[in-house]
Amino acid sequence: GAVVSQHPSWVICKSGTSVKIECRSLDFQATTMFWYRQFPKQSLMLMATSNEGSKATYEQGVEKDKFLINHASLTLSTLTVTSAHPEDSSFYICSARDWQGTTEAFFGQGTRLTVV
Amino acid sequence: DAKTTQPPSMDCAEGRAANLPCNHSTISGNEYVYWYRQIHSQGPQYIIHGLKNNETNEMASLIITEDRKSSTLILPHATLRDTAVYYCIVRGGYGGSQGNLIFGKGTKLSVKP
């Protein structure tokens, strides 16, 4: 299957700082990328959907000014958690899909964010 | 909300077939059934998907009932490395935000030696 790479795998940051997470599709062009968040022992919750070159669509209850998403190219999307707080500590996962080639989405390995 | 219902947990003996059921009684005609699994602290892994015919690949088989209201994922010879949470997801087969994956709680499969 296609490869989606997410970086970093884990990050620890101080409260009030910002953290950027990258999601890259390595062997296909991802016209659509999705960002999820997963708290311990819970399922994945969709945060936002981004299409290359346009603004992201956020799910209800997700603050767009806090979770900045940029999808400037067909192989890269970034999620920036601004002014992070301990309650933002979570497992963040991206997925990408190639509209032309396949209908299944492939996932990155996830980023464990810990805000102290 | 997720459109599927799965048992919260199942056990399977190593080497035996694991049959994971999923109910999706409200599935519409253009929606596919997808299966993903998530091993602890990793991103979900795509397994298989289908529309109405049974499907098989190197990982698993997917059996969809004729009325499409339920399906079963079959791992023919489960190994310890198949221990994971398995998600059954119903989704339209088109692109854009309408094709996003909504995860339910899944089934935690424990393969035991």
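Here the structure is a predicted model, which means the values were calculated and not measured. Naming convention: chains lettered A, B, ... in sequence-line order (proteins, then strands); numbering from 1 in each chain.
Other residues, nucleotides and ligands place no more than 12 heavy atoms under 6.0 Å from the NE2 atom of A:H7. The number of heavy atoms from other shown groups lying within 6.0 Å of NZ (A:K66) is above 12. Other residues, nucleotides and ligands place no more than 12 heavy atoms under 6.0 Å from the CE atom of A:M45.
For the pair B:P44 and A:I93, the tightest heavy-atom approach, listed with the atom from each and the gap, is CD-CG2, 4.0 Å. The heavy-atom pair separating B:Y87 from A:S43 by the smallest distance is CE2-OG, 3.4 Å. A pairwise comparison of heavy atoms in B:S41 and A:F91 identifies O-CZ, 3.6 Å as the closest pair.
Only the side chain of B:Q38 comes within contact range of chain A, judged by heavy atoms closer than 4.5 Å. With a 4.5 angstrom heavy-atom cutoff, A:L44 touches chain B via backbone and side-chain atoms both.
To the nearest 0.5 Å, atom NZ of residue B:K105 and atom NZ of residue A:K41 are 14.0 Å apart. The distance from the CD atom of A:Q109 to the CD1 atom of B:I39 is 13.5 Å, given to the nearest 0.5 Å.
Residues A:M33 and A:M47 do not share a hydrophobic cluster, clusters being chains of Ile/Leu/Val/Met/Phe/Trp/Tyr side chains in contact below 4.5 Å. B:I27 and B:I47 fall within the same hydrophobic cluster, where Ile, Leu, Val, Met, Phe, Trp and Tyr residues are linked whenever their side-chain heavy atoms come under 4.5 Å apart, directly or through other members. The cluster map of Ile, Leu, Val, Met, Phe, Trp and Tyr, joined by side-chain heavy atoms under 4.5 Å apart, puts A:L74 and A:F28 in different clusters. Connection of A:F67 to A:V11 is established within a shared hydrophobic cluster, with ILVMFWY side chains joined at heavy-atom distances below 4.5 Å, either directly or through further cluster members. Placement of A:W35 and A:V62 within a single hydrophobic cluster is found when ILVMFWY residues are connected by side-chain heavy-atom separations under 4.5 Å, directly or transitively.
The choice from A:Q42, A:Q38, A:R112 that makes the most heavy-atom pairs within less than 4.5 Å of chain B is A:Q38.
Judged by distance alone, with hydrogens and angles left aside, the side-chain atoms of B:Y46 form no donor-acceptor pair with the main-chain N or O of A:F107 at under 3.5 Å. Distance alone, capped at 3.5 Å, is enough to place a donor-acceptor pair between the B:Y36 side chain and the A:A105 backbone.
Between B:L101 and A:Y36, some side-chain heavy-atom pair lies under the 4.5 Å cut-off.
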